[in-house]
Amino acid sequence: MNTIEKFNNNVMHTYGRYPLVMEKGKDRKCVDENGKKYIDFGSGIGTNSLGYCNDKWVDYVCNQVKSLQHTSNYYYTKVQADFAEMLCSSTGYSKVFFGNSGAEANECAIKIARKYSFDKYGKGRHNIITLVNSFHGRTLCTLSATGQDVFHNYFFPFVEGFINVKANDIDDLKSKIDNTVCAVMLEYVQGEGGVNALEQDFVDAVFDICGKNDILVIADEVQTGIGRTGKLLAGEHFGKKADITTLAKGLAGGVPVGACLAGEKCSDVLVAGTHGSTFGGNPLACAGGLAVLETVTADGFLDDVNKKAELFRSELLKMNGVEAVSGLGLMIGITLKNKKAGDVVKSALDRGLLLLTAKDKVRLLPPLTIQYDEIKEGLKIFNAVLEA
């Protein structure tokens with residue numbers, strides 16, 4: 001029995017998988033079990049932010065494995081303290097809660113917002129506004145928060161208390177703000193929704209209205225955070241700092257992690273017994289996170305990310321098969337003229353290039369450490385697929 005047969009016989013079929021069995025990886029390339037090499041423009045859906053088995057990341061994680069792999073959160077660990085301090089100081093937030101995923105981070109943010117409002121105003125001020133086309137996770141609560149009807153099926157009843165507003169529609173936002181709303185939750189770039197960035201005027205309106213009404217702003221930066229858009233946090237592009245920001249994906253370079261960052265206004269809302277996570281702040285994840293943060297915050301790193309992003313966009317827009325390019329930094333959506341995104345991804349896989357989709361677009365989330373020659377090599381393959 002081969003690997004794929006064994007896998008399909010024993011693992012629930014919750015993903016539409018491609019027929020690729022990954023064996024190993026180094027830097028920006030992976031190798032399948034037959035020895036074929038692939039350039040990775042997807043980085044595990046934006047998770048392998050430093051590529052495969054980055055030397056510094058490997059050293060940090062392996063050294064941690066040799067000393068302490070886990071302890072409960074009844075105790076302290078130096079690696080979690082160091083990671084928390086660096087994460088808070090580099091982002092400007094007061095405190096952080098660690099979980100294991102973006103969905104967990106968003107659940108924590110939702111709980112903070114509702115408890116903040118309950119503590120100040122009592123019951124009834126619990127609604128959270130999210131945007132049409134948003135995506136916030138796969139748990140029952142974060143699915144309920146997600147502003148896409150396609151996800152609101154099968155698992156009834158969904159969690160109440162979420163109101164959808166059209167992205168970039170200020171009038172729709174104003175019409176749905178009332179005394180039952182405790183927070184507005186947004187992605188600065190809607191990743192799963194099609195790699196679409198919000199407009200500055202809309203973001204300004206969200207922060208202005210929320211500020212005047214003591215409504216918290218939650219920024220879901222699970223996909224956009226930690227250098228993905230060319231800034232440490234995507235909110236910096238808009239000149240904004242949300243009351244709560246959630247992170248995951250690339251934060252620990254491939255080890256499961258989620259982080260919910262809270263500003264001073266709501267950093268002490270959760271107290272002992274109101275939230276928890278057995279594996280949250282796991283030493284291995286914190287070690288990986290330190291390697292990522294030290295790399296991404298180093299002088300010149302994000303400048304280089306932006307130069308790579310410019311190269312991607314300029315080369316993509318030269319291609320006859322490309323209609324438009326969206327997103328920010330190394331979070332790139334590609335609208336095609338004549339081909340379907342899914343077909344392009346499959347054809348690119350056959351040629352040794354890993355791509356992603358988002359709605360009807362091809363999506364690129366390459367490692368932040370990708371080299372210029374690798375960008376050109378991968379784009380050459382991509383263009384060949386479009387012209388085939």
Checklist entry - Does the distance from a Lys or Arg side-chain N to an Asp or Glu carboxylate O, for Asp204 and Lys240, drop under 4.0 Å? => result yes
Checklist entry - Can any side-chain N or O of Gln80 pair as donor or acceptor with the backbone N or O of Ala287 at less than 3.5 Å? => result no
Checklist entry - Got a donor-acceptor contact below 3.5 angstrom from the Thr146 side chain to the Gln148 backbone? => result no
Next on the checklist: Quick test of your reading of the model: are Glu374 and Arg28 salt-bridged, counting only N-O distances below 4.0 Å?
Outcome noted: yes
Item to check | Electrostatic pair Lys346-Asp350, nearest N-O below 4.0 angstrom | outcome: no
Next on the checklist: One thing to verify: whether Asp119 and Arg114 come together as a salt bridge, which I'm taking to mean a side-chain N less than 4.0 angstrom from a carboxylate O.
Outcome noted: no
Next on the checklist: Looking at Lys37 and Glu23, is any side-chain nitrogen of the basic one under 4.0 Å from a carboxylate oxygen of the acidic one?
Outcome noted: no
Checklist entry - Donor-acceptor pair, Asp304 side chain versus Gly300 backbone, under 3.5 Å? => result no
Checklist entry - Do the charged groups of Glu294 and Lys56 touch, with an N to O distance under 4.0 Å? => result yes
Checklist entry - Taking the side chain from Trp57 and the backbone from Ala252, do they hold a donor-acceptor pair closer than 3.5 Å? => result yes
Checklist entry - With no hydrogens and no angle check, is any side-chain donor or acceptor of Asp220 less than 3.5 Å from a backbone partner on Leu186? => result no
Checklist entry - Salt bridge between Glu192 and Arg363, side-chain N to carboxylate O under 4.0 Å? => result yes
Checklist entry - For the side chain of Glu315 and the backbone of Phe312, is there at least one donor-acceptor N/O pair under 3.5 Å apart? => result no
Item to check | Residues Asp214 and Lys120 bridged, charged N to O under 4.0 Å | outcome: yes
Checklist entry - Between the side chain of Asp32 and the main-chain N/O of Lys36, is any donor-acceptor distance below 3.5 Å? => result yes
